[in-house]
**Student:** 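Sharing a structure, written as structure tokens. Questions coming.
Just so it is clear, the structure is predicted and the values come from calculations on it, not from any experiment. Position 1 is the first residue of the sequence, and the numbers go up from there. Only this structure's heavy atoms are used, side chains among them; waters, hydrogens and symmetry mates stay out.
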Amino acid sequence: MYKIQTLNKISANGLAELPRDDYEIASEIPNPDAILLRSADMHSMDIPSSLKAVARAGAGVNNIPIQAMTERGIVVFNTPGANANAVKELTILALLMSSRPVAAAMQWTKTLVGKGDEIPELAEKGKAQFIGPELKGKTLGVIGLGAIGARVANAAIDLGMDVIGYDPFISIDAAWSLNRQVHRAESLDNLLSKADYITLHIPQTAETKGLINAERLRVMKTGVRIINLSRGGLVVNADIIEAAKSGKVACFISDFTDEDLLACEKVICIPHLGASTPEAEENCARMAARQLKAFLEQGTIVNSVNFPKCRIEAPIPKGGTRLCIANRNVPNMVGQIATVLADEGLNIEAMVNQNRADLAYNIIDVANTISETLLDKIRAISGVINVRPIKG
């Protein structure tokens, strides 16, 4: 039986993907095989030696110590695209809110309480202070054309906007899903200089942290409207506030609240609602649970942020063993592993080897059971990080 520790409340429908006959699931559980979480912070957590995998029910993994996990051969999964529709819908709402000051208008309308029969006339007179431009015919710059960004770009086309996209790492699947009317920006600055509205849909990494800063704001049009529902660190808040005060930025909407942002009149903060729909939470939980199940039972890796995609379509040989081996991506690793097996008279039935940067992952099927002594011989090979047998 596999043990799964949950660090957040996880959708019951998601957990149903893990059959209770084969899985024990609890928030407090000794020696877990895997951890399933949403936003819980693992950075100060003592990582149990039994841990084989971590699955984040969501796209961002800043709350997980990826490097520490990688060094121990622990596979970290996320769920890209599972909450894409929820974030897309909130982005469209944010675009409308950045253009039409409906939130401020609603607040002002509340001040008319007690005016009785005067309210209709007062409302009619007061509406002029809440005029805002239409989206139709304006240019939207979408930075990041993954599962969310591509959906936002397509929806904006349907709203009658001209759309420019920038993503030097766009996947084939995302490219196929894009409306043909979406224009490709030659560079980030090219997009920034043309857009009336800008929306960010990229992960926060060392390269993207502080992407929108004073230097890049200078490239933008005066009166630009910026949406950030991705990660707070993508934007230098102090620079945005200065730009808002000067009129360079007409409105900034962030899904990440901050004391200074809240104090700025031209900033609207949302309390991290991007994926806060029951549908998104269930989709993420289901996807995370399925990925853990495939990894623990078959050794399959899909949507890992630190290990390569890897799978064998055939089932584990009945009565045999599937070896899942993580190792440094150095020459002759496969040859050394194969030699150890051959010396024991074991024939390889199926094998796949994939690498990602300085890591590699192997799935090897043999028709026999494998002794602990043999596993120790593989573990002793220099560069091997860990070895996990799955019995057929």
Side-chain angles (χ1 to χ4, degrees), residues 2-5 30-35 42 45-56 61 64-78 291-317 319-392:
Y2 295 106
K3 295 182 177 182
I4 310 295
Q5 181 179 10
N31 305 314
D33 294 291
I35 287 174
M42 291 185 64
M45 181 178 173
D46 290 331
I47 307 302
S49 59
S50 59
L51 195 66
K52 302 170 183 67
V54 175
R56 162 77 160 96
V61 290
I64 301 169
I66 304 296
Q67 186 59 38
M69 297 295 167
T70 303
E71 289 172 359
R72 291 174 52 172
I74 298 170
V75 181
V76 179
F77 299 95
N78 68 345
Q291 288 169 180
L292 279 182
K293 186 174 187 293
F295 175 72
L296 292 173
E297 296 181 12
Q298 301 294 326
T300 298
I301 296 180
V302 179
N303 290 328
S304 171
V305 300
N306 60 341
F307 273 81
K309 181 178 180 179
C310 192
R311 67 182 302 168
I312 287 181
E313 295 291 344
I316 302 171
T321 305
R322 174 163 291 175
L323 289 172
C324 303
I325 304 172
N327 59 268
R328 306 294 177 196
N329 186 22
V330 295
N332 198 34
M333 290 300 301
V334 173
Q336 291 182 79
I337 295 167
T339 297
V340 170
L341 295 173
D343 288 347
E344 295 292 324
L346 297 174
N347 188 47
I348 294 175
E349 301 286 318
M351 178 176 182
V352 62
N353 167 271
Q354 297 291 338
N355 66 78
R356 179 173 181 172
D358 60 349
L359 285 175
Y361 181 74
N362 307 271
I363 302 176
I364 302 173
D365 284 351
V366 296
N368 312 78
T369 57
I370 291 182
S371 67
E372 193 63 34
T373 301
L374 178 55
L375 293 175
D376 286 340
K377 287 181 180 179
I378 297 174
R379 293 183 183 112
I381 297 172
S382 178
V384 168
I385 300 171
N386 65 30
V387 181
R388 181 169 69 97
I390 306 174
K391 294 180 180 180

**Student:** Would Arg322 and Asp365 pass as an ion pair if we require N to O under 4.0 Å?
**Tutor:** yes
**Student:** Any donor and acceptor pair, going by atom type alone, linking the side chain of Asn306 with main-chain N or O of Ile74 inside 3.5 Å?
**Tutor:** yes
**Student:** Do Arg56 side-chain atoms and Ile64 backbone N/O form a donor-acceptor pair below 3.5 Å?
**Tutor:** no
**Student:** Side chains of Asn303 and Asn78, heavy atoms from C-beta outward: is any pair under 4.5 Å?
**Tutor:** yes
**Student:** Which pair of heavy atoms, one from Met333 and one from Gly383, lies closest together, and at what distance?
**Tutor:** CE-C, 3.9 Å
**Student:** Any non-hydrogen side-chain atom of Leu359 less than 4.5 Å from a side-chain atom of Ile385?
**Tutor:** yes
**Student:** Between Ala338 and Ile348, which heavy-atom pair has the shortest distance, and what is it?
**Tutor:** CB-CD1, 4.3 Å
**Student:** Tell me the closest heavy-atom pair linking Asn31 and Ser50, and the distance in Å.
**Tutor:** C-OG, 2.9 Å
**Student:** Check whether any side-chain heavy atom of Ile381 lies under 4.5 Å from a side-chain heavy atom of Asn327, and answer yes or no.
**Tutor:** no
**Student:** State, with a plain yes or no, whether a side-chain heavy atom of Arg311 is found less than 4.5 Å away from one of Glu313.
**Tutor:** yes
**Student:** Would you say the side chains of Asn362 and Asn353 form a donor-acceptor pair under 3.5 Å?
**Tutor:** yes
**Student:** Do the side chains of Glu297 and Tyr2 get nearer than 4.5 Å, heavy atoms only?
**Tutor:** yes
**Student:** Just wondering, do Ser382 and Arg328 contact through their side chains at under 4.5 Å, heavy atoms?
**Tutor:** no
**Student:** Which of parallel (below 30°), tilted (30 to 60°) and perpendicular (above 60°) describes Phe295 and Tyr361?
**Tutor:** tilted
